[in-house]
Every structure is written in structure tokens, then in C-alpha cells.
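Heavy atoms only: backbone and side chains are in, while hydrogens, waters and symmetry mates are out. Atoms within a ligand are numbered from 1 in the order they appear, just like the ligands themselves. This one's a predicted model, so the numbers in the text were calculated from it and none came from an experiment.
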Amino acid sequence: MTDHFEIHERDGAARLGEVRLAEPRTTPALADDFVEDAGSLWPEDRAVPEGSEEHVTLLPHRAFPSGTAEEVEEAFAVPYPDVDYPSGAVVSPTTARDYGADVYALSTAGGIAGHASAFREAIVDVRAAIPADTALYLSGVATPRNAAVLAYAGVDLLDAHRAVVKGTQGKYLTSEGEHFLSDLEELPCACPACRTPREEFTREDCAEHNENALRAELATVRERIRAGRLRDYVEGQARHEPWLTAAFREFDQEWSYLEERTPIYRRSGMAATTDDTLRRVEIQRFAERVTSRYRNRFDNPLVLVPCSATKPYSESQSHEQFHDAIQYRAHLVSMTSPIGVVPQELETTYPAQHYDTAVTGRWTETEIEFVARVLRRYLERNEYPRIVAHLPGDYREIVDRVEPHVDAPIEYTVEDHPTTTDSIANLMRALDGELKYGKRERQHNTLKAIADYQFGEGAGDELFDELSIQSRYPKLRAHDGEGEQLAAMVPQYGTLSLTLAGARRWVESAVPTKRVEIDAFVPHGNVLAPGIVEADETIRTGDEVVVEGPKAFAIGRAAMFGREMAESTRGVAVDVRHVEER
Ligand SMILES: [Zn+2]
């Protein structure tokens with residue numbers, strides 16, 4: 001049971017939480033002034049402390065440093081008592097489990113900071129062993145430079161210990177580095193401590209500045225989490241120290257840990273400024289779904305075009321020109337780094353219209369390799385009678401790598417630039433004699449494509465076998481043969497929201513349903529975590545979920561991931577859209 005910690009917002013593995021004390025604290029935060037250590041059991045036995053609502057009491061513990069033999073840890077493990085005040089347990093990756101505490105302090109923190117793979121391994125192991133809605137505390141390791149990566153990995157509590165010690169040693173810390181005080185001609189900070197004239201600035205001032213800098217960095221991190229943009233920040237911030245760059249790349253390799261915690265869509269945009277962006281869960285997930293769930297339903301030729309800075313692409317000037325030339329005689333697929341390939345039906349689907357990238361006309365080898373791999377997998381799955389590559393010269397290398405693996409002939413229509421009069425004329429000529437598809441086909445295929453992408457392979461045909469569409473793109477509404485509404489397209493994210501009728505179809509279909517089982521009550525507005533009996537482990541934040549219990553059948557949107565719903569004792573688990581009493 002976690003009564004004294006609650007997560008309010010999530011950004012990948014990072015969370016914005018609240019330590020529920022007499023005076024509540026927002027995390028990620030420094031724990032110095034609200035965590036009290038009841039002491040180690042190594043020197044002496046200690047009674048269960050009295051505790052208080054003012055602070056988190058770290059229960060008497062035996063800490064094991066990195067490298068302790070497992071048998072030793074097991075033999076001396078502490079059976080933490082169940083207490084009803086805010087409490088913390090000291091654990092190692094070996095001894096971590098649910099002790100009923102609110103906070104888990106990692107005893108091996110000092111040994112893993114600075115070692116990317118050991119750090120990743122310890123965080124992933126401990127997080128798997130403790131309940132999802134408890135706070136993870138790494139003591140004695142935080143600096144202004146590493147705090148963002150620690151929070152990104154899923155650490156909720158840090159302290160100022162290391163930063164203060166460094167200050168007393170004459171080391172001046174900033175978010176980008178560590179400087180010998182004696183080397184600094186100016187103090188690159190405007191905090192109260194740094195207003196002291198340079199020649200009078202002492203090591204005590206330096207210690208005070210270091211703590212201020214750490215607090216400021218954590219405020220930046222919290223704001224980034226609120227905005228859903230910590231990853232963008234970390235891609236830059238981690239560059240200041242090799243082990244931090246290595247650490248966040250380690251987490252990129254740890255697909256399931258980050259994927260489980262990454263929402264299906266976000267309100268915020270995404271800055272694609274480094275090759276590391278290509279390994280983001282959002283990017284890999286889109287590429288994976290487009291090449292394993294999506295299926296092209298048009299019989300027309302394929303036209304490959306470059307992406308545009310304006311999103312959705314169809315609203316850009318270049319795409320309007322392509323559209324005028326194509327006139328519904330071809331299926332349009334945009335090629336882009338960092339997304340890969342974007343079929344026209346998915347141009348609004350997150351993150352296809354949510355990223356900003358630096359356009360230079362020069363691709364890195366990593367980008368070429370990534371987009372070529374996605375295009376190849378896409379074309380292996382989707383056959384076209386003809387392929388027209390209406391692409392500028394810098395895309396040629398990508399198509400060249402894919403061409404040997406494709407049966408259909410590839411025709412090139414661009415001279416110089418895709419929007420020159422000659423290029424557009426070539427494109428029109430290439431489609432001479434091809435048949436147009438109608439508006440109805442276009443709308444049906446769009447809704448079905450989004451359903452495939454969102455719910456799984458074949459979902460479009462399963463959910464929408466008899467379909468009638470009302471209203472206009474992009475606010476399409478799907479109705480069944482009798483006119484009952486099944487779903488509506490959400491243009492901001494390119495996703496579908498189901499109605500109760502749509503939810504019933506989903507349950508009856510062969511498409512795997514994401515279910516949340518609740519106790520005997522009728523939810524209104526939302527379902528809180530304590531009311532949940534069981535939740536499908538495949539549920540991700542933002543997913544459509546069917547909520548079922550003895551008294552209710554409902555459809556809504558997941559506000560946490562599946563395991564978190566099952567393990568949490570506080571917080572909104574599902575935002576309910578429609579409910580029906582049973
Ligand atoms: Zn300062």
C-alpha cells in the first residue's frame with residue numbers, strides 16, 4: 001500500500017509525483033529536508049521508529065553496497081515492518097520487493113552512478129520489483145549535470161549530499177559540468193550565493209551554489225515532464241558527459257522498460273535534432289505499426305513523396321501541388337526522417353504531425369539506413385502495380401537501397417526539385433490513364449487504416465465491416481449499417497475514440513481487446529486505481545480500454561499503463577467516456 005506517494009503526470013519513465021506529507025512535496029525533488037533515516041541495523045538493533053506525517057522515515061535497514069554476494073544479502077535481509085506513517089525501505093536490486101513502503105532507497109546508488117549499463121540494469125531490476133506507484137530514491141549521487149538523466153530513467157528522489165561535498169572541495173557545478181573554483185574568472189550563475197564578489201566567494205558559497213544549481217535543474221526537469229518533453233532535453237543535456245549519453249542509450253536498448261511507460265500519443269511536439277531521436281519509442285513504435293499492422297487498401301499506383309515542414313503534410317504548399325497533379329489516382333506515401341514512411345491515411349496519427357526536424361537536405365547514414373529499412377519492410381508487406389518515386393536527389397540513396405528487393409518497377413519523375421513545373425508535369429504524365437478512387441473509398445480506407453494502426457492487424461475490417469460515414473475529414477465519424485455511431489476520429493492525434501457500440505464490436509471481434517476489470521460499481525468520469533481488479537498488461541497510456549465489472553460496461557482511455565493500473569493504490573487509471581449500467 002502506498003498512501004503517501006501519488007503520481008500525477010508521466011513522461012516516459014519519468015514521473016511528476018507528490019510525496020503526501022503534512023507539507024506535500026512535488027517530485028522529482030531533493031529529499032534532504034523530508035527524509036529521516038532511522039539508522040542502520042548493522043551496529044545495533046533498533047526499535048520500530050514512531051514516524052510522523054512531517055517526513056518520510058527510512059525504516060531501520062541493512063544496506064548492501066554494489067558487489068555484495070547474493071547469499072549474504074538474502075541472509076541479512078530486513079523484514080520491514082508495516083507502518084501507517086510515510087515510510088521508506090533501503091533495498092538493493094537483489095532485495096527489492098514490495099515491503100509496503102512509499103519510498104525505496106537504492107543502497108547501491110553510489111556504485112552505479114557513472115556506469116551506464118550497471119545503472120540501467122539496477123534501475124530496471126528495482127522498478128520491476130517494487131510497485132509502480134512508489135518513489136525511487138538515489139542518495140548521494142545527484143549533480144546538476146546528471147539530474148535530468150536520473151529523472152528520465154525513473155528516479156523520483158535525489159539529495160544534495162554529493163553537490164554540497166563537491167562545493168566544500170572547491171568544485172563548482174553547473175548543468176553542463178564541473179569546474180575547479182580556482183579556474184573560474186567569472187561565476188556563470190546568478191543565484192544568491194553567486195552574487196558574492198568573485199574574490200570573496202568561498203567554498204561554503206560554492207556548496208550553497210551547487211545546491212541551488214541542482215534545485216534549478218530539478219525545476220527544469222519538472223517543467224519538462226509537465227510539458228511531456230523531457231526526452232528532447234535529455235538528448236541535449238546528456239551530451240555533457242559520456243556516461244550520461246551512454247546511460248540514455250542503454251535505456252533506448254531496454255525497449256520494454258521504456259515502451260511500457262511511453263504513451264500512445266502526446267499533446268506536445270517532439271524535436272528531432274539528433275540521430276538518437278530515431279531510437280525513441282514513439283518513432284520505433286510508429287515504424288513497427290506501419291510495417292506490421294497497417295495494410296494499404298487502395299489498388300492504385302504508389303507515389304512516394306518527400307515530407308514537408310508544415311504538418312499535416314497535406315496542408316503544405318508542396319503537397320497541395322502533388323495532390324493537384326495526382327488527383328486521387330495514386331496512393332500517397334511520404335518519406336521522412338525521423339518517422340520513416342507515412343501513408344496518407346496516417347498523416348495526422350501521432351507522431352506524424354507532431355515532430356519538428358532540422359532540414360538540411362543531407363541525410364546521415366543512420367537516417368538513410370533507418371528510412372530504407374522501414375520502406376523496404378513497408379513494400380514487402382504492401383504490393384503495388386507501379387511505384388513512382390517523386391523525390392528529390394537526397395532521397396535517391398534510400399530508394400536505391402530498397403529497389404533490389406521490390407518487384408514493381410520504380411519510375412522517377414523529379415528533375416531538379418519535386419515542385420518544379422517539369423517535375424509536376426512528369427508526375428501528371430506518369431499517372432495518365434490511371435483510375436481515380438472516390439471520396440467514399442478514401443474515407444473508409446482512412447478510418448480502417450487508423451483502426452489497424454491503433455487496435456491491431458485486421459481491426460479496420462473487423463470493426464467497420466459495414467460502414468457509413470458522416471461529417472468531413474479530418475473529423476470522420478464511423479457508423480454501422482443501421483446508422484449507429486461506432487467511433488469518431490480525433491484529428492489532433494489521428495486516433496479513434498470508440499462509442500459503447502464500437503466497444504461492443506471490439507469485444508466481439510477477433511481483435512485482442514484491452515480490458516480493465518473493475519469492482520462492483522458504476523464509474524462516472526473516471527476509474528481510480530483502487531477500484532481495479534485486473535488490467536491487461538498490454539495497455540499503454542492513451543489506449544482505448546474496455547472497462548467491465550459486475551455493474552458496468554464502459555469505454556474510456558487509459559491514464560496509466562496496465563501493470564501500473566493493477567499495482568497502484570492511488571490516482572486516475574481510466575478516463576471513462578461512455579458507461580452503461582448492468
Ligand atoms: Zn550560483
Can you check whether Tyr493 and Tyr265 have ring centres sitting under 6.0 Å from each other?
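Distance test on ring centres: under 6.0 Å, yes.
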
Whether Arg120 engages the ring of Phe251 as a cation-pi pair (distance to the six-membered ring centre under 6.0 angstrom, angle to the ring normal within 45°) should be assessed.
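Here Arg120 fails the 6.0 Å and 45° test against Phe251.
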
Against the six-membered ring of Tyr257, is Arg261 placed for a cation-pi contact (under 6.0 Å from the centre, within 45° of the normal)?
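Positive - Arg261 is close enough to the ring of Tyr257 and near enough to its axis.
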
A side-chain contact here means heavy atoms from C-beta on lying under 4.5 Å apart; do Arg25 and Glu18 qualify?
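Not touching, per the 4.5 Å side-chain cut-off.
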
With ring-ring contact (aromatic ring centres under 6.0 Å, His included) as the criterion, how do Phe286 and Tyr350 come out once you've worked through the C-alpha distance, each side chain's angles and the decisive distance to 0.1 Å?
CA-CA 8 Å; Phe286 189 89; Tyr350 182 87; 8.9 Å; no

By the definition side-chain hydrogen bond (donor to acceptor under 3.5 Å, both in side chains), identify the one residue from Glu241, Gln237, His240, Glu176 that meets it with Arg145.
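So the option named by the test is Glu241.
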
For the Zn ion (ligand 1): protein N/O/S atoms at distances below 2.8 Å:
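Protein N, O or S neighbours of the Zn ion (ligand 1) under 2.8 Å, waters not counted, come to 4.
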
